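Read through the structure below, which is laid out as structure tokens, and then see the notes.
Just so we're clear, the structure is a prediction, and the values are computed from it rather than from any experiment.
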Amino acid sequence: MKSAVETLNPTRVRLTVEVPFEELKPSLDAAYKKINQQVTVKGFRKGKIPARVIDQRFGRGAVLEEAVNDALPKFYTEAVNEAELNVLGQPEVDITELKDGETLNFTAEVDVRPTIEIPDYSGIEVEVDAIEVTDEDVDKAVEELRGRFGSTAPVERAAEDGDVLTLDLEAKVDGEVLEDGVAQGVSYTIGSGELLDGIDEAVKGLEAGGEATFTSQLKGGSGEGKDAEVTVKVSQVSARELPELDDDFAQLASEFDTLEELRADSRKRLANMKQYDQATQAQERVLEKLLELVEVPVPEKLLEDEVNTRKHNLEHHQLGQMGLTIDKYLEIQGKTAEEFEDETKTAAVKGIKTQFVLDELVSKEKLNVNQEELTEHLMRRAASSGMSPDQFAQAVVEGGQVPMLVGEVARGKALAVVVEAATVKDTNGEVVDLDDEDDADAETTEVTEAAESADEAAEAKKDAPAES
């Protein structure tokens, strides 16, 4: 077999392959055997029909077509390996010449990973938010904890902000009660915004037994999007009772003996959260700077597939679980279809570039992933997926996605190398030491998320060519 490579552009090549006919013999034998098992010819036992009879009855062309379709993936793969190409997706194959007994010639156009030059990245500088935990931040955290230990008790007075009401509701559209427009015994906290627009104003000031009517646009059900006349009746008003902020509360809500110790722990936790956010911010901004330094051509077909994958996942998985259509989602987001398309394409381009650049860094820095790192990453991915580690690991192995997980960890390590070489300062002008952030897997999760679906798309299309 002979092959030659022609570069069409930085991300696409054309392979020209010439195959001597004798190299088709194994596939021809397999084709005759397959046809033998599928057809019946009078006078011959099944599976024992001579090749010349098959040629006479069904045509030599049918046998050749079967043999070529069987052999093409093998010859294509050999040509790719011989040229040491890093291909992306399936090729477009064109058989240019097929002479029975003489030769098989074909071409295959396919996207390839572009050659990327990684420049000196040691001069990257970024600014991140300073870590500041105010007394107000601590007050809010303690107050939220206090709210979780609150209770409610019925009161005989008019409803006020924060009260928990028990309500009966009836919604009418054009004077008719909707089939799904009646609800009884609904619990609602005034000010939560969890029900209908306008309900807070309607129920505030009402006592148990009180009733009010207001107009609101329905957010769901058979009358979704329509203006409805809603009648609300209050059957009970309950006030929230919060525990006193004292040492007794600290002992009730935590392992600490005093409120002062609880507040100190809250401050520490908030500082840790802000430190994590700061590290994530540094990683994201360093990545953005790195991408600005590198020229990365993006294969058009890969980009098209990635955009379609992102749109499909959003529409059929994320929005489907929330019961939303893409049109309703765009309405809620206040975006046009064109704006959504542009944003999706921009995100896809960034994801592909991120994958290419970090993969090149993995190669340049000779980074490896050990079993412990892979296991830690798998544990975190399992936790985020809601599956047990064993279930997640089984799904990964059965889906052939172990290389994808290895790639995620390796890209996280590659970015960590760049972050370590960069200068990171906070908004106070202080140099930020990220050495304390030893969670390399967090880096992988946060900063290569955009690249993961691109990686999956590329890997899924990396196999044999489609039949010609």
(request) Evaluate the criterion side-chain contact (heavy atoms from CB on, under 4.5 Å) for residue pair L291 and K350; output intermediate values, then yes/no. (result) CA-CA 8 Å; L291 294 180; K350 182 180 179 182; 4.1 Å; yes
(request) May I ask you to test the T166-V234 pair for a side-chain heavy-atom distance under 4.5 Å? (result) no
(request) Locate the shortest heavy-atom distance separating D257 from Q251; write the atom from each residue and the value. (result) O-NE2, 3.0 Å
(request) Can you see which heavy atom on A239 is nearest to which on V155, and at what distance? (result) CB-CG1, 3.8 Å
(message) Using the rule given for salt bridge (charged side-chain N to carboxylate O under 4.0 Å, His left out), can you reason through R14 versus E109, listing the C-alpha separation, both sets of side-chain angles and the distance that settles it, and then say yes or no?
(response) CA-CA 4 Å; R14 179 189 291 124; E109 289 190 16; 2.9 Å; yes
(message) With a 4.0 Å cut-off on N to O distance, would you call E315 and K311 a salt bridge?
(response) no
(message) Restricting to non-hydrogen atoms, name the atom on P297 and the atom on P10 that form the minimum distance, rounded to 0.1 Å.
(response) CG-CB, 3.9 Å
(message) Taking the basic N atoms (NZ, or NE/NH1/NH2) and the acidic carboxylate oxygens, is any pair closer than 4.0 Å for D139 and R263?
(response) yes
(request) Show your working on side-chain contact (heavy atoms from CB on, under 4.5 Å) between Q217 and K226 and close with a plain yes or no. (result) CA-CA 5 Å; Q217 188 179 82; K226 296 180 180 179; over 6 Å; no
(message) Taking the basic N atoms (NZ, or NE/NH1/NH2) and the acidic carboxylate oxygens, is any pair closer than 4.0 Å for R267 and D137?
(response) no
(request) Give, for atom CD of E201 and atom CZ of F214, the distance between the pair rounded to the nearest 0.5 Å. (result) 9.0 Å
(message) When you compare the side chain of Y121 with that of V419, does any pair of heavy atoms fall below 4.5 Å?
(response) no
(request) State whether a side-chain donor-acceptor pair under 3.5 Å links D180 with S222. (result) yes
(message) Can a donor-acceptor pair be found, under 3.5 Å and without considering hydrogens, that links the side chain of S192 to the backbone of T189?
(response) yes
(message) Take a 6.0 Å sphere around CD of E224 and say whether it holds more than 12 heavy atoms from other residues, nucleotides or ligands.
(response) yes
(request) Using a 4.5 Å cut-off on heavy atoms from C-beta on, say whether the side chain of V417 contacts that of L415. (result) no
(request) Could you tell me whether D359 and R113 have a side-chain N and a carboxylate O separated by less than 4.0 Å? (result) yes
(request) Kindly compute the distance separating CZ (R381) from CG (L405), expressed to the nearest 0.5 Å. (result) 5.5 Å
(message) If the threshold is 4.0 Å, N to carboxylate O, is there a salt bridge linking E338 and K335?
(response) no
(request) Determine, for K328 against E331, whether the closest basic-nitrogen to carboxylate-oxygen distance falls under 4.0 angstrom. (result) yes
(message) With rounding to the nearest 0.5 angstrom, report the OG1 to CZ distance, T280 to R285.
(response) 11.5 Å
(request) Scan side-chain atoms only and decide if Y188 and D200 contain a donor-acceptor pair under the 3.5 Å cut-off. (result) yes
(request) Would you sort out whether T107 and V93 count as a side-chain contact (heavy atoms from CB on, under 4.5 Å), showing the intermediate values? (result) CA-CA 6 Å; T107 62; V93 177; over 6 Å; no
(message) With a 4.5 Å cut-off on side-chain heavy atoms, are L169 and V182 touching?
(response) no
(request) Taking atom CD of E255 as the centre, report whether more than 12 heavy atoms of other residues, nucleotides or ligands fall under 6.0 Å from it. (result) yes
(message) Using modelled atom types and a 3.5 Å cut-off, is there a donor and acceptor pairing between side-chain atoms of E339 and backbone atoms of T336?
(response) yes
(message) Set out, in order, the CA-CA distance, both residues' side-chain angles and the distance that settles side-chain contact (heavy atoms from CB on, under 4.5 Å) for T231 and E211, then state yes or no.
(response) CA-CA 7 Å; T231 300; E211 186 176 304; 3.7 Å; yes
(message) Within the 4.5 Å heavy-atom criterion, are T16 and E6 side-chain neighbours or not?
(response) no
(request) Mind checking the OG1-CZ spacing from T115 to F356? Nearest 0.5 Å is all I need. (result) 11.0 Å
(message) Can you tell me if M273 has over 12 outside heavy atoms packed within less than 6.0 Å of its CE?
(response) no
(message) Distance alone, cut at 3.5 Å: any donor-acceptor contact between the side chains of T11 and N9?
(response) yes
(message) Quick check: closest heavy atoms across V5 and A83, and the distance to 0.1 Å?
(response) CG2-CB, 3.5 Å
(message) Donor-acceptor check, side chain of D247 to backbone of L259, threshold 3.5 angstrom: yes or no?
(response) yes
(message) Can you give me the closest heavy-atom contact between N368 and K413, atom names plus distance?
(response) O-NZ, 2.6 Å
(message) Testing the basics here: between I118 and V294, what is the closest heavy-atom pair and its distance to 0.1 Å?
(response) CD1-CG2, 4.5 Å
(request) Check for a donor-acceptor pair, side chain of S216 on one end and backbone N or O of L196 on the other, with a separation under 3.5 Å. (result) no
(request) Check whether the side chains of Q281 and D129 place a donor and an acceptor atom closer than 3.5 Å, and report yes or no. (result) yes
(request) Return yes when atom NZ of K364 has more than 12 non-hydrogen atoms of other residues, nucleotides or ligands closer than 6.0 Å, and no otherwise. (result) yes
(message) Between D111 and R12 (salt bridge meaning N to carboxylate O under 4.0 Å), is one present in this structure?
(response) yes
(message) For G147, is there any backbone N or O sitting under 3.5 Å from a side-chain donor or acceptor partner on R240?
(response) yes
(message) Is it the case that over 12 heavy atoms from other parts of the model lie below 6.0 angstrom from the CD atom of E156?
(response) no
(request) List for me each residue that meets salt bridge (charged side-chain N to carboxylate O under 4.0 Å, His left out) alongside R146, sequence neighbours excluded, and say none if there are none. (result) E143
(request) Check whether any side-chain heavy atom of E82 sits under 4.5 Å from a side-chain heavy atom of S3, and report yes or no. (result) yes
(request) With rounding to the nearest 0.5 Å, note down the distance linking OH in Y329 to CG in L324. (result) 10.0 Å
(message) For S122 and D120, which I'm curious about, is there any donor-acceptor pair between the side chains at under 3.5 Å?
(response) yes
(request) Consider only side-chain N and O atoms of Q236 and S238, and report whether a donor and an acceptor are under 3.5 Å apart. (result) yes
(message) Within this structure, what is the CZ-CZ distance for the pair R310 and F340, rounded to the nearest 0.5 Å?
(response) 10.5 Å
